[in-house]
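Single-structure report; data block below.
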Number of protein chains: 2
Amino acid sequence: MTVLPFSAVLPEDASDGPEDSPLRSVSTAVAVLDCFTAEPELGATKVAARLGIAKSTACRMLAALAAGGLLEKAGSGRYRLGLRLFEYGQLAVDRLLLREVAMPFLGELRETVRETVQLGVAVGTDVLYLERLETAGAGLRFRTDYHRNPAHSSSIGRVLAASDPSLTAAILERGLERRTPFTVVDPLRWRRTLVQTREQGYATCRDEYDQGWSSIAAPILTGVTGRRRAVAAVSVVGATSRMLGPRKPAVVQGVRRAADRITVALERASS
Amino acid sequence: MTVLPFSAVLPEDASDGPEDSPLRSVSTAVAVLDCFTAEPELGATKVAARLGIAKSTACRMLAALAAGGLLEKAGSGRYRLGLRLFEYGQLAVDRLLLREVAMPFLGELRETVRETVQLGVAVGTDVLYLERLETAGAGLRFRTDYHRNPAHSSSIGRVLAASDPSLTAAILERGLERRTPFTVVDPLRWRRTLVQTREQGYATCRDEYDQGWSSIAAPILTGVTGRRRAVAAVSVVGATSRMLGPRKPAVVQGVRRAADRITVALERASS
DNA sequence: TCGGGGCGTTCCGACGTCCGGAACGGCAGC
DNA sequence: GCTGCCGTTCCGGACGTCGGAACGCCCCGA
């Protein structure tokens with residue numbers, strides 16, 4: 001089992017670029033799948049328009065993907081992502097040593113802080129959440145319907161960027177999109193948050209993604225001493241008043257402790 | 001949002017049959033993906049051998065899928081399932097009304113019984129677990145590294161088959177594979193468990209999949225009265241002594257109550 | 001240190017599969 | 001009932017794709 005897949009950074013997004021790789025039909029099939037990230041249900045016409053291919057081609061693609069279970073046919077000729085993708089996805093993360101090792105510590109952290117706990121990695125310039133443990137008794141429930149965030153407005157993203165110059169560059173090149181009035185969109189100020197993150201050993205994110213919600217993250221490190229890099233990060237997210245008020249020191253300590261213990265456990269397990 | 005994808009039954013497995021659908025390369029690409037359900041890591045040679053295609057073809061397929069993020073390249077030319085599949089999979093289940101509606105009730109059920117709680121649907125002749133809520137204080141932890149079971153040796157599968165003759169037939173046609181000395185492999189006896197399930201309104205499964213572990217399941221129904229069908233099922237799984245001993249009535253009541261409430265909530269939400 | 005085997009990758013020509021346009025059939029709305 | 005929209009099917013021509021063989025690499029054993 002491997003700690004993490006290779007493409008932790010820049011897995012070549014290729015949102016609309018002309019796929020120049022071989023196996024054109026396979027490439028377009030993947031592009032067809034990608035259409036369903038934005039829209040939950042799509043028909044042949046819309047897919048064809050979005051990809052600039054013939055309607056008949058789109059129709060064949062949809063049918064072929066549905067035959068393989070990657071898509072499923074809804075009633076009126078529309079399609080949606082299939083459950084087989086859920087299976088594959090579960091297999092993919094189950095085989096990640098990182099997740100397996102981190103899980104018990106995430107559970108403990110949730111018990112300690114009684115807030116939502118997350119485990120995230122970088123995928124391109126986004127943060128992908130491999131795990132999210134919710135807690136019942138944390139007042140309002142945190143939104144659970146996303147699994148990917150722009151890295152710049154996330155405490156996990158900040159932690160990951162702080163130890164990875166190429167990720168930092170990629171994020172800045174993509175641009176710091178404003179989500180709330182509090183999102184840090186000035187490159188210089190954003191870079192300063194990274195410096196602070198390195199000094200403190202943890203990152204915070206106050207109201208920058210969803211107003212009223214803040215998070216604190218700490219890095220899970222790998223590599224030899226002196227050249228350590230964050231492969232992932234642990235974060236706690238909750239209402240801003242609970243995160244950055246009087247409880248902040250306790251939360252910070254909990255997050256850092258969990259991340260450090262996962263780091264150690266990961267080293268032992270991958271040896 | 002839709003309650004459940006269409007292919008709740010028989011999404012055409014086609015494990016090794018000669019794909020007669022168009023888009024041959026897409027079909028083989030899907031077949032390549034399928035190879036990774038059994039093995040976590042594969043190279044071009046093994047994929048080619050398993051599918052009976054040329055090594056060069058397999059290599060191109062792997063490269064194309066990796067370019068799309070569905071696979072990721074491990075160090076030495078080997079590949080594994082990519083994190084993008086995890087994303088797609090999460091999207092697929094997030095868009096299921098069933099899961100969204102069921103979640104709070106599953107959480108409550110876990111608090112009540114303090115055991116692992118599952119939500120499952122039928123996929124072919126297997127049960128696919130859409131959600132599994134573990135509990136910290138339940139003694140030994142239940143194995144968490146699978147998301148798909150043969151339906152015949154699962155209480156959820158029994159509940160689903162009990163209200164679906166075509167699923168029953170498909171399961172029997174595939175054959176009742178023995179997993180433990182307690183697995184019901186006699187078709188007649190197995191049919192009787194379905195009858196009992198219908199009479200009781202819930203199903204049990206004692207030591208049939210993993211010795212020492214048993215489960216109790218109740219159906220989530222849909223459709224008009226008189227012609228109701230189980231689209232999914234809730235189950236509680238734990239050590240056999242805790243499941244089928246003195247606590248059994250309490251567990252049964254809890255499971256049935258949760259399933260009934262999800263049924264009602266689903267009707268209201270999809271109207 | 002050297003040689004061999006295994007593996008992933010690349011190259012090439014011939015084959016055949018896939019693309020795009022147009023026509024068909026079903027559905028919903030006006 | 002008509003009309004527009006959409007998913008699906010059919011067809012011929014173009015070009016992407018397949019399989020075999022050769023290459024380079026790494027690992028293993030001598």
Side-chain angles (χ1 to χ4, degrees), chain A residues 2 5-7 12 14 16-33 35-36 38-68 70-82, chain B residues 2 5-7 12 14 16-33 35-36 38-68 70-82:
Chain A
T2 32
F6 245 57
S7 60
E12 203 41 59
D16 50 1
E19 292 285 351
D20 57 341
S21 78
L23 281 309
R24 169 173 292 248
S25 51
V26 175
S27 300
T28 56
V30 173
V32 168
L33 267 191
C35 292
F36 289 86
E39 213 89 30
E41 283 197 354
L42 284 171
T45 303
K46 287 193 179 172
V47 170
R50 193 172 295 225
L51 264 52
I53 58 179
K55 203 168 51 165
S56 57
T57 304
C59 193
R60 273 183 303 239
M61 289 289 171
L62 291 168
L65 290 170
L70 304 191
L71 293 179
E72 313 206 352
K73 198 168 187 171
S76 59
R78 300 165 72 83
Y79 293 82
R80 91 172 65 84
L81 293 173
Chain B
T2 33
F6 245 58
S7 62
E12 201 44 56
D16 51 1
E19 293 285 351
D20 56 343
S21 79
L23 281 308
R24 169 174 293 250
S25 51
V26 175
S27 300
T28 57
V30 173
V32 169
L33 267 191
C35 292
F36 289 86
E39 213 89 29
E41 282 196 355
L42 284 172
T45 304
K46 286 192 180 172
V47 170
R50 193 173 295 225
L51 265 51
I53 58 180
K55 205 169 49 166
S56 57
T57 305
C59 193
R60 272 183 305 237
M61 289 289 170
L62 291 169
L65 290 171
L70 303 192
L71 294 179
E72 313 206 353
K73 198 167 186 170
S76 60
R78 300 164 74 82
Y79 293 82
R80 91 173 65 84
L81 294 174

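In the text below, chain A, chain B and the rest are named by the order of the sequence lines, each starting its count at 1. Only heavy atoms go into these numbers, but all of them, side chains included; no hydrogens, no water, no symmetry mates.
Between A:Met61 atom CE and D:dG7 atom C1' the separation is 16 Å, expressed in whole Å. At whole-Å resolution of the value, CG in A:Leu71 and P in D:dG7 are 13 Å apart. Rounded to whole Å, atom P of C:dC7 lies 16 Å from atom NZ of B:Lys73. Atom-to-atom, CG of A:Leu23 to P of D:dT17 comes out at 5 Å; the value is rounded to the nearest Å. Taking atom CZ of B:Arg78 as the reference point, atom C1' of D:dC27 lies 13 Å away to the nearest angstrom.
Atom OG1 of A:Thr57 and atom CG of A:Leu62 lie 10.5 Å apart (nearest 0.5 Å).
Of the residues in residues 42-59 of chain A, those with a non-hydrogen atom less than 4.0 angstrom from any atom of DNA chain C are A:Ala54, A:Ser56, A:Thr57.
For B:Arg60 against C:dG8, no side-chain N or O and base N or O form a donor-acceptor pair under 3.5 Å.
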Q) Under the side-chain contact (heavy atoms from CB on, under 4.5 Å) criterion, do B:Arg24 and A:Ser25 qualify, and how do the steps go? A) CA-CA 9 Å; B:Arg24 169 174 293 250; A:Ser25 51; over 6 Å; no
Q: Applying side-chain contact (heavy atoms from CB on, under 4.5 Å), run through B:Leu65 and B:Val32 and close with a yes or a no.
A: CA-CA 9 Å; B:Leu65 290 171; B:Val32 169; 3.8 Å; yes
Q: Take B:Leu33 and B:Leu71 through the side-chain contact (heavy atoms from CB on, under 4.5 Å) test and state the conclusion after the steps.
A: CA-CA 8 Å; B:Leu33 267 191; B:Leu71 294 179; 3.8 Å; yes
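Residue A:Tyr79 has a polar side-chain atom (N or O) positioned under 4.0 Å from OP1 or OP2 of D:dT8.
Ion pairing of A:Arg80 with A:Glu41 is present here, as a side-chain N (NZ or NE/NH1/NH2) and a carboxylate O approach within less than 4.0 Å.
Comparing A:Ser25 and A:Leu62 along DNA chain D, the residue whose closest nucleotide (by nearest heavy atom) sits nearer the 5' end is A:Leu62.
For the residue pair B:Val47 and B:Ala58, the shortest heavy atom distance occurs at CG1-CB, 4.1 Å.
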